[in-house]
Amino acid sequence: MPVWLREHSWRQTLTAVYLSLPLRGARATPANIFCSEQYLKVSIPPFLFEAILYAPIDDTNSTAKIGNGNIFFTLYKKEPAMWDTLTLANDGKEKLWYLRENAVLKAQEKAKQETEAKNITKQEHKKYALEATMKLEEAERKRIEDLKEKERQKVAKELEFWKNQQKDADKYKSIQKEGELHQEIEPLKERKNEKINKSRILNEGTSKIRLKCTKGCHGSCSIFSQNLKEEQLPAPRAAATIKVNFTPRVFPTALRESRVAAEVEWLHKQAEARRIVNSDLSELEDLKEDEKNPDWLKDKGNKMFAMGNYLGAVNAYNLAVRLNNKLPLLYLNRAACHLKLRNFHKAIEDSSKALELLTPPVPDNKNARVKAHVRRGTAFCQLELYTEGLQDYEAALKIDPKNKNIEKDAEKIQHLIQETMQSS
Amino acid sequence: SAAAGPERPQVVSHVQQALSYTVFDCKWVPRSARLLCLGSAARGSGLLQLYELHGGRLELLREIEKPKPIKCGTFGATSLQQRYLATGDFDGNLNIWNLEAPEIPVYSVKGHKEIINSIDGVGGLGIGEGAPEIVTGSRDGTVKVWDPRQNDTPVANMEPVQGESKRDCWTVAFGNAYNQEERVVCAGYDNGDIKLFDLKTMSLRWETNIKNGVCSVEFDRKDINMNKLVATSLEGKFHVFDMRTQHPTKGFASVSEKAQKSTIWQVRHLPQNRDIFMTSGGSGSLHLWKYEYPAQRSKTDSEGSEMGVAGSVSLLQNVTLSTQPISSLDWSPDKKGLCVCGAFDQTVRVLIVTKLNKI
């Protein structure tokens, strides 16, 4: 139950009402005051003051001053008239309730309108600012463009001028050329001087050229000095060879700092792979020396593959793998054999193992990786696992985009996939 | 990157010309407003096109087709009168052409077993002293120096030691040709090696490795006591070596800069100012640099040997012209700031760099 504040005092003029409300010790903030056209409420829990005003007031311009333990209201009347009382007589709870609600609604609406208006002005300000900035930037850009254009034109003009001078100089030179045959041979010293001057003269692009031309027979003197130069030229050098040593580099590709780390890692792996020799040599003791060399065995296998002896090739590769299971090419070539023997699962296994060993990917093992992907892809397709096959073909294409065969095969697989999807 | 400040050099695009072939090299014809484009046509033949700057466009004056694609060319060893062009092609042939009568070369030799990647000439154009010579560097790992007066055999051959596997030579440049006897050749290889060969003593004078394949080397001037050498490489790096002071073990002092992520294909010094050079990149960009010398160019080390002190490099301007690498670049020797560049987007561009006088 609120505690009603009833001890208020008021006075009025024709246009305004002055209301003083003591607060009985409660502290008030603007949030506690609610005022609309005809309804005034001060709520500082548990205190409450409520009044339905005698006549409507201009609530926008009216003020409330909080201080000294009371609130002093200055309410400007909407219509200048003297009020009989501050508040309307209590007509009943209903009217009170209705007025209250109305007041609240009105206040809310007003607040809403105010925020909307504020937003609109904010937007307009923003838009204005944006346009202004854009205009400024546009002006700046245009200024720079104009500067550039002016430079361009100036330079273009200079160029044309210089070009025409060149043409004239050339023409003059050719005229002089014809005239040189009638010239007397001048003393050596003079020629030498002219030769020295010549380089200086020719580097100037101004009209000074013309003047010096008429004076110094610029065209002819250069001919003379050219002949002179030929007489003074040393004989062709005595042929000789200088032997060159290069900073060692294993890869045929150019050196790039950023790729050095990956290259070093790959070389390291290769070197290690060659060093590893698997144990279990007791079985292999009765093998010939050659047969203990994985590289020799690999070559043997390659030869047998070429002859069509796929089983023999597989045996050779098997033995090589037992000796050294870190050489990717053994698995790669064995995969090719398995394809021919239609052992597709084994082909997939071997291609996968080869790819595992062919890391990190460097340009050096590019070809091997392409082959591994193609072989595995083929095996997948033969097993009708077309999606997996396509994945491998696309990987191969990514490494070697220019390979037309791979492209064609990849397309074929695409078609196959679409067909199987349609038929199922 | 530099903005359009009022005092900075600007790179202005003057003319752009679309080509129907891959252009590998472009060169100004000395004493003219004409330029040459060299490359490879789609049908696998070589192409030379001669253009002239006319107002705001390039006018095609002449088109010459040759059996093999052409990789590089130079006017460096020809006289101003003759202006013969020396070219290297994909088959390892060195040819010298009279562009007025290009059907038959003036000089021809199958100099290398594989493509000639780079060519340079010295002793011509009224610059420097000594005999005109041409140097070629090839994928076959050799660098050869030719005298057009001597047929068939080079006057110097820098080849791998017997039995040693070869590395691609990607770039060659002449330098130190300040009198009749002195001359050096600098060569860069794909394994990051840079080698300096002294042709007077016929020996290796210096070598180093810059950890990335060397795309382009150039001395700031061919015809002076060697002053600076710029070497560009893969992975966006270039090095400027101070060539005035060679330390017995440490070689030449250098400063390096990483301009961008992609390959720096070419470096070219401005003919009119040897401390300004331009680099072209795999990302289609051009960077204009200025070298500043240190207060002291050399100092003595703890053992009393002289060693060089490298200066610093600052970026004057950069611009991106293409999405494809700009593989060739040439400054006009006659008009300061005028340059031509060729890119792998089959376009050749004539550019003007302004305000170089203010540097």
Side-chain angles (χ1 to χ4, degrees), chain A residues 140-141 143-145 147-149 151-156 158-160 162-167 169-170 173 177 195 198-199 202-205 219 222-223 225-226 229-230 232-260, chain B residues 4 6 10 12-14 31-33 53 55-56 79-81 126-127 130-133 141 143 145 147 149-150 153-162 164-168 170 180-181 189-193 195 197 199 202-204 209 211-213 234-235 272 334-338 352 354:
Chain A
E140 183 61 25
R141 221 177 301 151
R143 188 181 70 86
I144 293 174
E145 279 305 316
L147 271 174
K148 281 197 181 159
E149 188 55 37
E151 276 296 335
R152 242 186 58 101
Q153 286 174 357
K154 184 169 104 182
V155 168
E158 282 180 17
L159 214 58
E160 277 308 302
W162 164 78
K163 222 191 70 190
N164 291 333
Q165 272 181 347
Q166 292 302 116
K167 278 218 179 98
D170 273 347
K173 224 194 318 188
K177 234 181 176 169
K195 178 178 163 200
K198 178 188 76 156
S199 3
L202 290 170
N203 283 334
E204 288 175 36
S222 63
I223 301 234
S225 45
Q226 204 66 35
K229 208 176 171 195
E230 274 180 32
Q232 289 180 339
L233 280 184
R237 229 171 268 282
T241 308
I242 304 176
K243 291 293 183 184
V244 168
N245 281 306
F246 295 110
T247 305
R249 180 167 166 75
V250 172
F251 298 93
T253 49
L255 176 62
R256 280 172 194 271
E257 234 176 319
S258 60
R259 303 232 185 112
V260 167
Chain B
Q10 298 298 321
V12 176
S13 179
H14 185 58
R31 297 283 173 281
S32 74
L53 260 183
S79 70
L80 281 169
Q81 255 49 46
I127 301 172
E133 281 176 332
V143 173
V145 180
D147 188 314
R149 298 169 293 177
Q150 180 171 300
T153 44
V155 294
N157 182 2
M158 285 70 106
E159 60 180 15
V161 160
Q162 193 77 304
E164 169 140 352
S165 60
K166 57 143 180 107
R167 302 302 322 183
D168 282 14
W170 278 0
Q180 294 209 349
E181 288 89 34
Y189 299 83
D190 75 334
N191 67 341
D193 279 350
K195 298 186 190 300
F197 303 106
L199 295 183
M202 279 300 179
S203 63
L204 176 71
N209 185 297
K211 308 279 181 282
N212 278 293
L234 302 172
E235 314 225 312
Q272 296 88 358
D334 307 302
K335 177 92 182 86
K336 186 173 188 176
L338 183 66
I352 300 164
T354 62

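The chains referred to below are lettered A, B, ... by the order of the sequence lines, with proteins before strands, and numbering in each begins at 1. The structure displayed is predicted, hence computed values, not measured ones.
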Quick check on the interface: out of B/Leu338, B/Leu234, B/Asp147, B/Thr354, who has the most heavy-atom pairs with chain A under 4.5 Å? B/Leu234
Residues at least two apart in sequence or cross-chain that pass salt bridge (charged side-chain N to carboxylate O under 4.0 Å, His left out) with A/Lys243, listed by chain then number, are B/Glu159
So, using salt bridge (charged side-chain N to carboxylate O under 4.0 Å, His left out) as the criterion, who are the partners of A/Arg249 when residues are at least two apart? A/Glu263
So, A/Glu257 side chain and B/Glu235 main chain: donor-acceptor pair closer than 3.5 Å or not? no
At what distance, to the nearest 0.5 angstrom, does [atom1] of [X] lie from [atom2] of [Y]?
X        : Y        : atom1 : atom2 : value
B/Lys166 : A/Phe246 : NZ    : CZ    : 9.0 Å
A/Arg259 : B/Asn212 : CZ    : CG    : 10.5 Å
A/Ile242 : B/Asn157 : CD1   : CG    : 9.0 Å

Heavy-atom distances under 4.5 Å only: say whether [X] touches chain A with side chain, backbone, both or neither.
X        : result
B/Asn209 : side chain
B/Lys195 : side chain
B/Leu199 : both
B/Ser203 : backbone

B/Asp193 and A/Thr247: side chain to side chain donor-acceptor pair (under 3.5 Å), yes or no, with the steps? CA-CA 7 Å; B/Asp193 279 350; A/Thr247 305; 2.4 Å; yes
Taking A/Pro252, A/Pro236, A/Pro248, A/Ala239 one by one, which has the highest count of heavy-atom pairs under 4.5 Å against chain B? A/Pro236
